[in-house]
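Whatever order the structure lists ligands and atoms in, that order sets their numbers, starting from 1. Just so it is clear, the structure is predicted and the values come from calculations on it, not from any experiment.
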Amino acid sequence: MDYQATTPVDPRVLDAMLPWFTERFGNAASGHSFGWIAKEAVDVARREVAEVMGAGLREILFTSGATESNNLAIKGVAEAYIKKGRHIISCATEHKAVLEPLKYLIVHGWEVTWLKVDSLGMIDLKELAGALRDDTVLVTLAAANNEIGVIHPLAEIGKLTREKGVLFHVDGAQGYGKFPLDVGAMNIDLMSISGHKIYGPKGVGALYLRRRNPRVRPTPLFHGGDQEEGMRSGTHDVPSLVGLGKAATLANEEMEQESAFLLSLRNKFYQGLCDALPGVILNGDLENRLAGNLNVSFEDVDGDALRMSLRNLAVSSGSACTFASTDPSHVLMALGVDPQLAQSTLRFGFGRFTTEEDCERALKMVIEAVRKLRGASQDHKGQSAT
Ligand SMILES: *Cc1c(COP(=O)(O)O)cnc(C)c1O
């Protein structure tokens, strides 16, 4: 029940990867037939990844995941376009892999405008239009939020940035392969994706870099053997790239059917919670949202106690990366959720291999845990009153 944290590798993806570990282990940069076979596999994967977002073959750069892609997009653009200016626009609900590179840049003299979100997690396009300046070099916003699943209006944002000649980067880790994304129609200039969010392997991802109108050229993070046209040196992880390509193709082929399935699981689960329990509060917009995401707060429950009693259920209090932290989620804080209530929040993620039975079992566990904790606190209140 935690598919926004990660997904299992689809068995069809694993099958495609296996030969590339053993029989076909060549280095994709080698100048002999073992290398050429590997290079061909990398280019097939590149085409597969590109096709899902309407990009060209040469516009896909392979990386170790969305964290690296975001760092390259944000720090690489900041450095390369420094003559134009040092102003970037983003939003408080972004993933840490966007927030932290931006904080790094702020320390080094860049200025970031943080767009506000409303109580449903949506930005205001007028505020964005007003924030674009002559020295703005980049707008960076996620396709879909990893905690509350809220989807930004990408086409409208892309229209604004294109009119102003400002680059638009999308952290697509939670969107790519989940709903249609078209870099041409949406005027996206850079987009990060991650293998392990789409039933591919962990430790692999890509960055889309627009090649024409305009050509986007960030400064590389890694220097070395000049792989990926010098934009990302390092020997290609051929099995993982083959897996990423296969995962992208499958996600695209099954997108419509899978979204409908996830939506039905999600809606049924949410309905089940609301029918059984009072004080269940949805976080984030229900319409503009990932099909496989539900994020709810429970009134009158201690958050720590709730997580403890559900430790055998794979759910998250916020994002996976901040689970150990006791601070309330920065995303929920940006939405204006009460800090106490934010602590007793669970994110449920539904995915390709989630079953009706899984949902029923999880639902039962959550309902029982909440009832028990509320009962205990009622008893406690009752006792202290007498
Ligand atoms: C998972 C995730 C990332 C990080 O991706 P990795 O491939 O694990 O580095 C970045 N942004 C968002 C929105 C994510 O969900």
[X] neighbourhood, listing ligand 1 atoms whose heavy-atom distance to it stays under 4.0 Å:
| X | result |
| --- | --- |
| N146 | 15 (O) |
| G65 | 7 (O) |
| A66 | 3 (C), 4 (C), 5 (O), 6 (P), 7 (O), 9 (O), 10 (C) |
| H196 | 6 (P), 7 (O), 8 (O) |
| S194 | 5 (O), 6 (P), 7 (O) |

* Asked: With backbone taken as N, CA, C and O and side chain as the heavy atoms from C-beta onward, which portion of D171 lies under 4.0 Å from ligand 1: side chain, backbone, both, or neither?
  ->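 Just the side chain.
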
* Asked: Are the ring centres of F348 and F269 closer than 6.0 Å?
  ->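 Close enough - the centres of the two rings lie under 6.0 Å apart.
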
* **Short side-chain to backbone donor-acceptor contact, R46 and R58, under 3.5 Å** =>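 No.
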
* Asked: Do you reckon V280 sits in the same ILVMFWY cluster as M365, going by side-chain contacts under 4.5 Å, direct or chained?
  ->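 Yes, it is one cluster - the side chains of V280 and M365 are joined through contacts under 4.5 Å.
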
* What about F21 and F62, same hydrophobic cluster or not, with Ile/Leu/Val/Met/Phe/Trp/Tyr joined at side-chain heavy-atom distances under 4.5 Å? ->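 No, because F21 and F62 fall into different hydrophobic clusters, even though each may have its own neighbours under 4.5 Å.
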
* To do: Around atom 9 (O) of ligand 1, find the nearest protein heavy atom and jot down its residue, atom name and distance.
  =>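 Result for atom 9 (O) of ligand 1: T67 OG1, 2.6 Å.
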
* Evaluating non-hydrogen atoms only, which member of E68, K197, K96 is closest to atom 2 (C) of ligand 1? ->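 It is K197 that holds the nearest heavy atom.
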
* To do: May I ask which of E94, Q4, H95 has a heavy atom nearer to atom 12 (C) of ligand 1 than the others do?
  =>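 The option holding the nearest heavy atom is H95.
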
* Look at the rings of Y104 and H108 and say which category their plane angle falls in: under 30° parallel, 30 to 60° tilted, over 60° perpendicular. =>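 Ring orientation, 0 to 90° scale: tilted.
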
* Of the options L346, L332, L282, L335, which is the one that meets N295 in a side-chain contact (heavy atoms from CB on, under 4.5 Å)? ->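 Result for side-chain contact (heavy atoms from CB on, under 4.5 Å) with N295: L332.
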
* Please report the C-alpha distance between K84 and D135 in whole Å, then the side-chain angles of each, then the deciding distance to 0.1 Å, and finally whether the salt bridge (Lys or Arg N to Asp or Glu O under 4.0 Å) criterion is met. => CA-CA 6 Å; K84 191 191 173 206; D135 63 341; over 6 Å; no

* Asked: Do any nitrogen or oxygen atoms of S64 come within less than 3.5 Å of a nitrogen or oxygen of ligand 1?
  ->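 No; every N/O pair is 3.5 Å or more apart.
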
